[in-house]
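Take a look at the structure set out below.
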Amino acid sequence: MIEWSDDKIHSFQITLLDWYDHNKRDLPWRQDHDPYHVWISEIMLQQTQVQTVIPYYERFMADFPTIEKLASADEGKLMKAWEGLGYYSRARNLQKAAKQLVDDYHGKWPKTSEALQQLAGIGPYTAGAIASIAFNQAVPAVDGNAFRVFSRLLEIDDEISQPHTRQLFEKIIGKIISKDRPGDFNQAVMDLGSSYMTAANPDSSHSPVKEFDQSFIDGIELNYPVKNKKPRPKAITYYGLVVRSSAGILMQKRPDTGILADFWTFPLVTETELLTFDGKDEFLTESDMMTALTRYFKHNYQLLLNIQPLPVKAVIHTFTHQKWTIHLLAAELSSKVNLSFFPGNWFSQQDFLDTAFPKVQQKMTERITSLDA
DNA sequence: GATACGTGGCA
DNA sequence: TTGCCAAGTAT
């Protein structure tokens, strides 16, 4: 790691901000510095690309234009607005924080990074972004761009996923950040990181700060940032049941913790769970599997099912840590049944239009729809 | 301090 | 198809 003199820091600030003034992206949330606008955009942009966020941001502002509207919003409507963006706890924390602001802060924003981090869903990065952009506080906003940009500029070899490394970057950037225009400085770093100093195909030779880029000068910019490899998603096989009645299709509410918390999906059973229930290591025939599934639902929910395979391809969906393969089966309820032991509801066509679903359920729904066509 | 938490794009 | 990336936070 190299260090910069005060003169070099000043020169870097001038160069970066001059480039930003002439080349900054025209984004919907950059029309003003309203903390509500900054906040919503920053939450949406977590682990999500700008082009994906733009239409969501526009719709969100039309639906929930103020903190008060967001705080009092119907949760189903809020989730519908977030549908497809992923990391859904972001949306739930958004409303939780809106209520905090209305109830505990009388609708007045705290203006320091430390105070902002007391709000649900706001961590060190987002707090720094809001404090600097909306309130002109000279604090760093260390996101993936900042890690990449400054690790390359200064050849910082620390592994960036280590929590301690964030503090190192905050300290370093805290010295380099423009004290006059901290918000523009932080945003300039982000624009730089998404243009000339990208992860895969950087264009370092045309970068406005190439003369400050030690790793480029040394021809080793792709060595930065230093990052650990992630484990591959764990493969999980599911059986998904399509149960129809005159009232609609049977949907099951997921647990309120874990992946896709509180979302509605077709009833799902993991192959592992079913094998354990059946006392087997594997199913030798499809018939054995369906027999076990029938017993499983009868035993756990008092549901009597007549199951048969559906002529559709398995649904494959990959999350960050799990890869699901879902085999779909048709199931008829035999005669009159009591659903009181089953955590589910019959969904009408209108329900399917009104409810927010995760992408993996949308894929399953498409399979069924293609059968009808 | 590892791990969980969604989705889409790209090579 | 697989791996990795894209403006992180919570536990």
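Reminder, nothing fancy here: chain letters follow the sequence lines and each chain counts from 1. This one's a predicted model, so the numbers in the text were calculated from it and none came from an experiment.
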Using the side chain to side chain contact (heavy atoms under 4.5 Å, CB included) rule, take A:Y238 and A:V269 through it: C-alpha gap first, then chi angles, then the decisive distance, then the call. CA-CA 5 Å; A:Y238 277 97; A:V269 181; 5.8 Å; no
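Within 4.0 Å of A:I43, counting heavy atoms only, lies no atom of the nucleic acid at all. Heavy atoms of A:T126 sit under 4.0 angstrom from primed sugar atoms or phosphate atoms, though from no base atom. Within the 4.0 angstrom heavy-atom criterion, base atoms lie near A:R30. Residue contacts for A:R148: at a heavy-atom cut-off of 4.0 Å it reaches the sugar-phosphate backbone alone, with no base atom in range. Nucleic acid contact for A:A141: none, since no nucleic acid atom lies under 4.0 Å from a heavy atom of the residue. At a threshold of 4.0 angstrom between heavy atoms, the contacts of A:W324 with the nucleic acid are absent.
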Report, one pair per line, the protein and nucleotides 2-4 of chain B atoms (nitrogen or oxygen only) whose separation is under 3.5 Å.
none

Strictly under 3.5 Å: I want the nitrogen or oxygen pairs between protein and nucleotides 8-11 of chain B, one per line.
{"from": "B:dG8", "atom 1": "OP1", "to": "A:K359", "atom 2": "NZ", "distance (Å)": "3.2"}

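Ring to ring, A:F147 and A:F169 are close: their centroids are under 6.0 angstrom apart.
Taking 4.0 angstrom as the limit, A:Y87 places none of its side-chain polar atoms (N or O) nearer than this to OP1 or OP2 of C:dA10.
Between B:dC5 and C:dA6, the distance separating the two P atoms is 23 Å to the nearest Å.
Residues A:P35 and A:F135 have side chains in contact (heavy-atom distance under 4.5 Å, counting atoms from C-beta outward).
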